[in-house]
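Notes for the one structure printed next.
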Amino acid sequence: MFGGEMTETLNIPLQVPIAVVGGGLTGMAAALAFGRAGMRVALIVKPGAPPPDLRTAALFPGSVQLLRNLNVWAGCEAEATALAAIRIVDDTGWLLRAPETLFRAADMGLSALAWNTANSAIGRALEAGVAGCLDILRIETAATPVYSYADGGLYIRLAEGQEIAACLVIAADGRESPLRTFAGITVERHEHDQTALVTTFAHSRPHLNISTEIHRQAGPLTTVPMPGNRSSLVWVERPREVARLLALDDAAFTGELQQRLHGSLGQLSGLTPCMTFRLQDMTTQAFARDRIALVGEAAHVLPPIGAQGLNLGLRDVADLAEAVLAAGDPGSADVLVAYDRVRRRDAAIRSRTVSALNTSLSSGALSLQLARGLGLHTLNAIPALKRMVMQQGATGSAPLPRLMRTG
Ligand SMILES: Cc1cc2nc3c(=O)[nH]c(=O)nc-3n(C[C@H](O)[C@H](O)[C@H](O)COP(=O)(O)OP(=O)(O)OC[C@H]3O[C@@H](n4cnc5c(N)ncnc54)[C@H](O)[C@@H]3O)c2cc1C
């Protein structure tokens with residue numbers, strides 16, 4: 001039933017092995033992963049240009065390799081900066097302070113721990129990749145599709161009248177994911193009393209390719225190197241404090257930021273417009289069910305601490321591709337069980353780690369301060385342990401899937 005030719009004719013269902021719903025970064029990467037492997041893919045997206053995204057994402061080596069393997073990294077490189085080290089500074093003001101800690105790429109034999117890349121550049125490069133892939137049919141729809149099961153497949157009816165029948169439907173439709181709701185997959189959500197203020201700025205001193213995380217009680221304030229003497233900023237604060245900061249003019253804002261950075265980047269200028277994001281955790285009860293697989297923020301939302309979100313989304317894509325490309329029916333129960341097993345565990349571990357770090361900053365409990373301080377002291381004292389922790393943060397414990405490896 002799913003072997004027919006691709007057609008755009010109304011009323012006759014378009015039959016494809018894979019449909020992807022959602023044209024964000026993860027959805028486009030998923031469409032390309034399967035399209036470039038020669039599978040026909042319907043990519044269902046909202047019409048019009050996406051809202052401007054001024055954020056950057058620190059992409060771990062495996063994510064960069066995935067973009068290389070999908071032939072889109074060349075389009076991102078000009079707006080990517082290698083991170084040679086990550087510096088953690090305790091500015092919590094608690095009684096027990098953690099020591100300053102430097103995680104260096106060279107200690108792991110790597111040229112970079114991550115590449116800080118403009119989201120807009122990743123988006124443009126993926127869009128160009130999608131447009132150039134003959135096996136991907138990009139379909140715009142203005143409303144949420146209607147889903148139903150029939151004839152062993154999943155049917156997607158669009159408001160414009162077109163129907164698509166797919167063996168596997170990939171939900172890349174974001175944190176509110178209507179497709180996840182249709183699948184009956186429940187989530188656990190926690191909204192934090194914290195907001196991330198995001199902007200970029202120029203500075204008079206060089207960043208030396210070092211990202212600095214200043215741990216404060218309200219949350220971390222992180223600067224991440226960009227090309228030249230510029231950095232991106234993710235400043236986590238209490239919502240009321242963010243409202244106050246947003247009301248400041250550029251000079252007053254840069255003055256406050258300079259103070260928080262203890263002058264480490266010199267004089268600040270050239271602030272770009274600020275964006276804000278309320279911090280949220282979301283974990284899902286299942287990553288897949290009944291011909292539906294969740295990827296990206298449809299499956300997990302983490303606070304922007306430790307650069308996990310998009311890296312996790314790309315890992316979802318790579319692990320799903322590994323499971324599907326080895327199978328006959330891409331939506332079979334075997335594929336979905338394998339995918340659910342590997343992704344749910346990894347996402348849960350990372351979510352718990354980010355959450356524990358975030359809680360340890362705001363908590364005045366001596367036990368938590370001691371644990372954080374001792375943890376960093378131990379890492380500083382035992383280089384092999386430090387390397388292991390860095391490896392875990394970037395790739396997790398399972399071997400990297402093929403799409404994230406060279407060769
Ligand atoms: C401040 C901040 C900093 C971050 N920094 C990093 C970082 O350094 N490193 C990192 O790895 N991650 C980072 N992240 C996380 C990263 O930005 C997200 O994980 C990523 O953007 C999520 O992409 P997505 O495609 O899964 O979801 P989205 O971008 O939400 O995409 C979902 C798409 O689905 C579409 N959609 C929704 N409903 C439908 C429908 N019914 N039909 C069709 N389409 C639909 C939407 O239009 C949208 O295009 C950060 C996040 C924040 C907030």
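In listed order, ligands and their atoms are each counted from 1.
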Need the ligand 1 atom indices (1-based, order shown) with element for anything under 4.0 Å from a heavy-atom of [X].
X	result
L25	25 (O)
G309	10 (C), 11 (O), 12 (N), 15 (C), 19 (O)
G174	30 (O), 32 (C)
A172	32 (C), 33 (C), 34 (O)
G296	26 (O)
Q308	11 (O)
G22	34 (O), 35 (C), 44 (N)
P145	41 (N)

Hits for salt bridge (charged side-chain N to carboxylate O under 4.0 Å, His left out) against R189, two or more places apart or cross-chain, chain-then-number order -> E176

Answer whether the closest heavy-atom distance between the side chains of Y339 and V295 falls below 4.5 Å. yes

Is there side-chain contact between H300 and S351, with at least one heavy-atom pair below 4.5 Å? no

Is the shortest distance from a heavy atom of G313 to ligand 1 less than 4.0 Å? no

T56 near ligand 1, heavy-atom distance under 4.0 Å? yes

Can you tell me the protein heavy atom closest to [atom] and the distance?
atom	answer
atom 42 (N) of ligand 1	V21 CG1, 3.8 Å
atom 4 (C) of ligand 1	P304 CB, 4.0 Å
atom 1 (C) of ligand 1	V198 CG2, 3.3 Å

Give a yes or no on whether the backbone of W115 and the side-chain of T117 come within a donor-acceptor separation of less than 3.5 Å. yes

Quick check: does any side chain N or O of R350 sit under 3.5 Å from a backbone N or O of G309, one acting as donor and the other as acceptor? no

Could you work out, for [atom], the closest of [options] by heavy-atom distance?
atom	options	answer
atom 10 (C) of ligand 1	L294, D316, L310	L310
atom 39 (C) of ligand 1	K46, R278, R315, R55	K46
atom 7 (C) of ligand 1	A58, A114, S211	A58

For ligand 1, note which part of A57 has a heavy atom under 4.0 Å away: side chain, backbone, both or neither. both

Does a side-chain N-to-carboxylate-O contact under 4.0 Å join E127 and R124? no

Sidechain N-carboxylate O distance under 4.0 Å for R216, E241: no

Do [X] and [Y] get their side chains close enough for a donor-acceptor pair, meaning under 3.5 Å?
X	Y	answer
Q65	T406	no
E188	H190	no
S231	T223	no

Smallest heavy-atom separation, L400 atom then R315 atom, equals CD2-NH1, 3.5 Å

T141 to ligand 1: N or O pair under 3.5 Å? no

T26 N/O to ligand 1 N/O under 3.5 Å: yes

